[in-house]
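These numbers come from a predicted model, not from an experiment. Quick note: numbers below take in every heavy atom, side chains included, and nothing from hydrogens, waters or symmetry partners.
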Amino acid sequence: MAKYAFFLGCITPFRYPGIERSTREVFKTLGVELVDLEDASCCPAPGVIKSFNKATWLAVAARNLALAEKKGLDIVTICNGCYGSLFDAAHELHKDPKILDDVNKILSEIGLKYSGKTKVRHFAEVLYKEVGVEKIKKAVKKPTGYKTAVFYGCHFLKPSKLKQLDDPEDPKILDELVEAAGAESMSRKGKAMCCGAGGGLRSQFGETAMKFTKANLERMKADGAEMIVDVCPFCHLQFDASQKELGFDLPVLHLSQLFGIAMGMDAEDLGLNAHITPVKL
């Protein structure tokens with residue numbers, strides 16, 4: 001059985017606990033063991049902390065990586081931002097012994113050391129590459145049938161030369177995963193566009209962020225989508241919380257929740273009551 005240290009991030013436990021619950025249930029059903037990463041902190045947020053102080057960003061990220069390394073496990077995330085931050089930090093620490101040494105001097109003050117071994121995986125990557133679409137199809141009890149707008153977000157595929165998950169301009173991974181749950185992935189223009197929230201844009205330049213979100217929603221509706229499926233709680237928050245103001249009502253599901261529905265979980269276990277834009281199963 002595959003086993004990973006489960007990195008929750010910030011938004012999931014505080015805003016959308018159903019994403020955590022569905023991820024645990026789906027992975028359990030598919031034979032992947034998730035081990036709690038006790039005492040983990042924020043990843044930290046790549047578009048904010050890294051921009052102000054790179055050394056702080058690296059040290060905080062390395063602390064999370066070191067906690068997983070102590071367990072002898074790689075990390076799996078359910079958030080694009082966490083994935084981007086931890087993946088980038090792990091890459092920098094692995095390629096540059098001087099940076100790793102500097103970070104370890106900081107970590108030594110709290111009794112930790114990081115040797116650079118932890119790999120960072122996105123849960124959708126694990127589902128696609130380790131579990132496989134065919135095994136997921138066999139676990140589906142209730143094919144969903146939704147016409148979905150699959151949303152990749154910014155940090156899942158990029159930097160593409162390092163992650164090498166898919167073509168960043170014409171990706172297929174999430175479309176195939178969504179269709180494994182019995183849903184239909186609707187094509188649209190600007191599939192790789194940002195949700196609008198990243199890099200501090202949501203908090204500092206809210207009106208600009210909403211323009212991005214509105215453009216995405218207009219394209220999704222124009223192509224007949226009935227549901228948004230994302231793989232990032234921050235994208236999830238942006239779409240879920242903004243629609244009422246923008247005059248839209250497209251339900252939003254994290255991919256783990258879509259699989260949860262397909263595998264027989266109910267609305268309460270999926271945490272759908274925490275969604276601002278109502279989801280009707």
Could you tell me the separation between the OG atom of Ser115 and the CG atom of Leu100, rounded to the nearest 0.5 Å? 7.5 Å
For residues Leu65 and Thr118, report the shortest heavy-atom separation together with the two atoms involved. O-OG1, 3.0 Å
Report yes or no: does Thr148 contribute a side-chain atom to a donor-acceptor pair with the main-chain N or O of Glu184 at less than 3.5 Å? yes
Taking the side chain from Gln257 and the backbone from Leu270, do they hold a donor-acceptor pair closer than 3.5 Å? yes
I'd like to check Gln238 versus Met210 (side-chain heavy atoms, cut-off strictly below 4.5 Å). Are they in contact? yes
Quick check: does any side chain N or O of Ser85 sit under 3.5 Å from a backbone N or O of Ala45, one acting as donor and the other as acceptor? no
Can you tell me how far the CE atom of Met263 sits from the NZ atom of Lys142, to the nearest 0.5 Å? 13.0 Å
Just wondering, do Lys71 and Lys3 contact through their side chains at under 4.5 Å, heavy atoms? no
Interatomic spacing from CG in Asn80 to CZ in Phe123 - rounded to 0.5 Å: 8.5 Å
For Glu169, does its backbone N or O pair with a side-chain atom of Asp167 as donor and acceptor, under 3.5 Å? yes
So, are Lys137 and Glu134 salt-bridged, with charged N and O less than 4.0 Å apart? yes
A side-chain contact here means heavy atoms from C-beta on lying under 4.5 Å apart; do Tyr152 and Val231 qualify? no
Checking the side chain of Asn216 only, and the main-chain atoms of Cys194 only, is there a donor and an acceptor separated by less than 3.5 Å? yes
Any donor-acceptor N/O pair, Ser22 side chain to Ile19 backbone, under 3.5 Å: yes
Ignoring hydrogens and geometry, is there a side-chain-to-backbone donor-acceptor pair from Asp166 to Pro171 under 3.5 Å? no
Sequence neighbours left out, what passes side chain to side chain donor-acceptor pair (under 3.5 Å) with Tyr16? Give chain and number order. Asp240
Would you kindly confirm whether Phe14 and Val252 end up in one hydrophobic cluster when ILVMFWY residues are joined by side chain heavy atoms under 4.5 Å apart? no
Not counting sequence neighbours, list each pair that qualifies as a side-chain hydrogen bond (donor to acceptor under 3.5 Å, both in side chains) and has a residue in residues 219-231. Asp230-His236
Can you check whether Leu258 reaches Tyr146 side chain to side chain, under 4.5 Å on heavy atoms? yes
Taking every heavy atom of Thr29 against every heavy atom of Ala139, the minimum-distance pair comes out as CG2-CB, 4.1 Å
Leu107 vs Lys113 side-chain heavy atoms within contact, under 4.5 Å: no
Using side-chain contact (heavy atoms from CB on, under 4.5 Å) as the criterion, list what pairs up with Ala149, not counting sequence neighbours. Arg188, Met220, Ala225
Interatomic distance, CG@Leu67 vs CD1@Ile75, rounded to 0.5 Å, equals 8.0 Å
Compare every heavy atom of Asn64 with every heavy atom of Cys42, then report the nearest pair and how far apart it is. O-ND2, 3.1 Å
Heavy-atom closest pair, residues Thr277 and Phe239: OG1-O, 4.2 Å
Arg24/Asp36 ion pair, N-O < 4.0 Å: yes
Less than 4.5 Å apart, any side-chain heavy atom of Leu34 and any of Val76? yes
Can you tell if the side chain of Leu165 reaches within under 4.5 Å of the side chain of His122, non-hydrogen atoms only? no
Taking all atoms of both residues into account, what is the closest heavy-atom pair of Ala124 and Leu174, and its distance? CB-CD2, 3.7 Å
Is Asn53 reaching over with its side chain to a backbone N or O of Ile49, donor-acceptor style, under 3.5 angstrom? no
Check for a donor-acceptor pair, side chain of Glu20 on one end and backbone N or O of Thr12 on the other, with a separation under 3.5 Å. no
Is there a side-chain contact between Phe234 and His155, using heavy atoms and a 4.5 Å cut-off? no
Pair Lys163 + Glu125: basic N to acidic O under 4.0 Å: no
